[in-house]
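None of these values were measured; they are calculated from a predicted model.
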Amino acid sequence: MPKLTIDGVEVEVPAGLTILQACEAVGIEIPRFCFHERLSIAGNCRMCLVRMRGSPKPIASCAMPAADGMEIETATEAVHNDRRGVMEFLLINHPLDCPICDQGGECDLQDQAIFYGFDRGRYTEGKRAVEDKNLGPLVKTVMTRCIHCTRCIRFATEIAGVPQLGATGRGEHMEVGTYVEQALASEMSGNLIDLCPVGALTSKPYAFVARPWELTKTESIDVMDAVGSNIRIDARGNEVLRILPRLNESVNEEWISDKTRFALDGLRRQRLDRPYVRENGKLRPVSWNEAFAAIARRLDGVAGERIAAIAGDLVDCEAMILLKDLMASLGSANLDCRQDGARLSPLPRVSYLFNTTIAGIEAADACLLIGTNPRWEAPIINARLRKRWRRGGFAVALIGETVDLTYRYETLGDDPRLLSAILGGEHPWAGVLAAAKRPMLILGQGALIRPDGEALLAVARAIAEATGMVAGIADGEEGWNGFNVLHTAAARVGGLDLGFVPGPGGRDTAAILDGAGAGDLDVVYLLGADEFDTSRLGSAFVIYQGHTGDAGARRADVILPGAAYTEKAATYVNTEGRVQQSLAATAPPGEAREDWRIVRALSAALGRTLPVDTAAAVRQRLIAANPLFADAGVVMSAPWAAFGRMAPIADTPLRSSIGNFYVTNPICRASPTMAECVAAFTTPPQKKTGTDG
């Protein structure tokens, strides 16, 4: 570890750090614009200048490795003058847009100009003006403000894997933009807004909406996919205006997907804000008591086996456990949280988790993707895979449709029977997996929702065992587990952990729909379930509890308005089995209520009162149902066990379960911004060849 002297104090820092990082490690703040810990070093802005004894001129601390014997000065008058000079040059062409700039109040340039800038400008020549670029419906550009830090270029190339941004020209004529006029086709483009240290790149939907000091900030969890990205919800009054990422190295680092960031305007449209009852084919607004009375009348005398419930993809665990208890009190075993029909069972737990963990991807050295497109299903996990691939020594292969995953991979074909060939050692990739020290596979929902999904699950397990993906785990020891299931629904793992699946003799989703269509079921309770053909429910009496007027609400006979994920303190479990809790940023609109409160009130109206009446009591019920809910924020490894059922595999090509990234749930479908994205990105990206991504 190198020893160096910083401002007269000798310090020892880990090898490989730059002088800037060494200074930060001992509590000395160094100003910077172009440097970012997750991006390559550019050394463009020169704001981080320091003085080093023996050097005839200032050095850029972000680009100079720390070494033994260095004597660094960061707070002398000479250093301050160097930085003031750099700041004066940066402000030469920067327009005085602060009063109208969306970055105002959160601008690095503003903050550092206070400490290093002058109170007046000496530049009297004409300022440079640059034409704005069209990057699509999400990112707004005011390129005259650009200070050429190139953070956006490096992020697009290195993290997002879409090298569409670059710089043309030199000196004062340099401009940042796309090489060819086009929208920036990335599911993570919104992160450019956070990275830009000035107001050159801002949020187009958020333009001129609010100032940061007007907003109430709430830490929460995203539910647009099963990653469970940590987010901050910014609201003014009772309206969510902005969603930003929150740092969590184990989950999303500091990135979020565009769907997470921009689908929030769907929370304001098509909302269910009061109960409805269908009379003479039309929905009529009613009071809560009237809605509960209508349900009680319809359930009166109905046998439990003629009642069913389906939980949707955005449902919290509190609502699912109480609905499960209510269904049990009614004598019904017909309930399912797998509305897409995924062939997964609650036991063993290892069979449905992303066991490697998201952060654990960085330790793998080979990966087999099966029936998945992680770029659309989980952009954050795809970015983590790309991060590992960029380090080298990471072989990736895909069995499924050819897609652009932002990194090189080997296309094996879309025939699922290739898995049997790999298991039997007849395919070259059997040797690749066996030779790897830490191989992994990712089984997507596209494989599990097929009729032969259980067979594909079994053969994936057998491959994991045969190629050393579960080293040590099979013997009950701590070790590497490379078997992973990638979920797309935020509620799925929590539902499986709570056993929200058919009981003995109960019906799953397919059987519920068949039974309702055939007249064998009288009542179907849809808890935020919208992702199936509701016409298959036949003449059944449908109770829909949810927050958006989507497919389930259009079919419902009674609508119970619930709260969206930004409006309730709730528990979710992500694809790796991490229990996380959200907080309410706003109140539900109108007469809508938190989902667990609705189920609890309904149970009282039906004369089957559930023994919980506070949020704390419901959480204790969760822990009683599964002790894993007591450890929020922790991933508990699951013991290895046999699962799946070996059976013939059909030759039907494997496909991803997501056809359009931007419209995967009711909130997205109600979002005008997501509709603009669909219009702008109508052509699915094709696999790139011969590039480094």
Side-chain angles (χ1 to χ4, degrees), residues 220-221 223 272 275 287-289 291-296 299 304 307-312 314-337 346 490-503 506 523 525-529 543-547 558-573 579-584 587-588 591-633:
S220 192
I221 303 299
V223 300
L272 302 174
S287 67
W288 278 104
N289 289 335
F292 289 155
I295 295 172
L299 284 174
I307 305 171
I310 302 174
L314 308 182
V315 181
D316 58 89
C317 294
E318 287 84 351
M320 282 191 283
I321 190 61
L322 292 195
L323 182 57
K324 180 184 178 184
D325 291 347
L326 177 59
M327 295 297 291
S329 72
L330 294 171
S332 174
N334 306 318
L335 65 161
D336 203 348
C337 65
R492 186 63 50 80
V493 175
L496 292 171
D497 282 346
L498 294 172
F500 200 95
V501 294
V523 179
Y525 198 121
L526 302 181
L527 182 59
I543 306 164
Y544 180 80
Q545 178 179 330
H547 49 73
V558 175
I559 294 176
L560 307 177
Y565 73 103
T566 58
E567 300 158 359
K568 57 189 174 185
T571 304
Y572 298 91
V573 188
V579 177
Q580 301 186 107
Q581 293 181 341
S582 67
L583 294 176
E591 298 179 35
R593 297 292 182 267
E594 292 178 275
D595 290 290
W596 75 264
R597 295 184 184 277
I598 296 173
V599 179
R600 167 62 174 75
L602 177 59
S603 71
L606 297 177
R608 304 175 186 274
T609 305
L610 297 174
V612 291
D613 52 12
T614 65
V618 179
R619 297 235 166 83
Q620 288 302 312
R621 175 68 188 95
L622 284 176
I623 296 171
N626 192 328
L628 290 168
F629 284 91
D631 297 313

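Distance alone, capped at 3.5 Å, places no donor-acceptor pair between the W596 side chain and the D613 backbone. In terms of modelled atom types and a separation under 3.5 Å, the side chain of R608 and the main chain of L330 share no donor-acceptor contact. The closest donor-acceptor contact from the side chain of R593 to the backbone of I598 lies at 3.5 Å or more, if one exists at all. No side-chain donor-acceptor contact under 3.5 Å links R600 to the backbone of L322. Listed for the D336 side chain is no donor-acceptor partner under 3.5 Å among the backbone atoms of I310. With hydrogens and angles ignored, the 3.5 Å screen pairs no side-chain donor or acceptor of K324 with any backbone N or O of F500.
With rounding to the nearest 0.5 angstrom, the OH atom of Y572 is 5.0 Å from the OG atom of S582. How far NE2 of H547 is from CG of L560: 14.0 Å, rounded to the nearest 0.5 Å. Rounding to the nearest 0.5 angstrom, the gap separating the OG atom in S220 from the CD atom in Q580 is 9.5 Å. Note that the CD1 atom of I295 and the CD atom of Q545 stand 9.0 Å from one another [nearest 0.5 Å]. One finds the CG atom of L602 at 6.5 Å from the CD1 atom of I543 (value rounded to the nearest 0.5 Å). Residue L323 holds its CG atom at 10.5 Å from OG of S603, rounded to the nearest 0.5 Å.
Residue R619 comes nearest to A570 through the heavy atom pair NH2-N, 3.7 Å, listed as atom of the first residue, atom of the second, then distance. Between A319 and D595, the shortest heavy-atom contact is CB-CB, 3.6 Å. Contact detail for I559 and P561: the closest heavy-atom pair is O-CD, 3.7 Å. Summarising the geometry of G304 relative to S332, their closest heavy-atom pair is O-CB, 3.1 Å, with the distance given to 0.1 Å. Contact detail for V315 and A491: the closest heavy-atom pair is O-CB, 3.1 Å. Between P275 and A291 the shortest heavy-atom distance is CB-CB, 3.8 Å.
For the 3.5 Å distance criterion, the side chains of E318 and T571 qualify, holding a donor opposite an acceptor.
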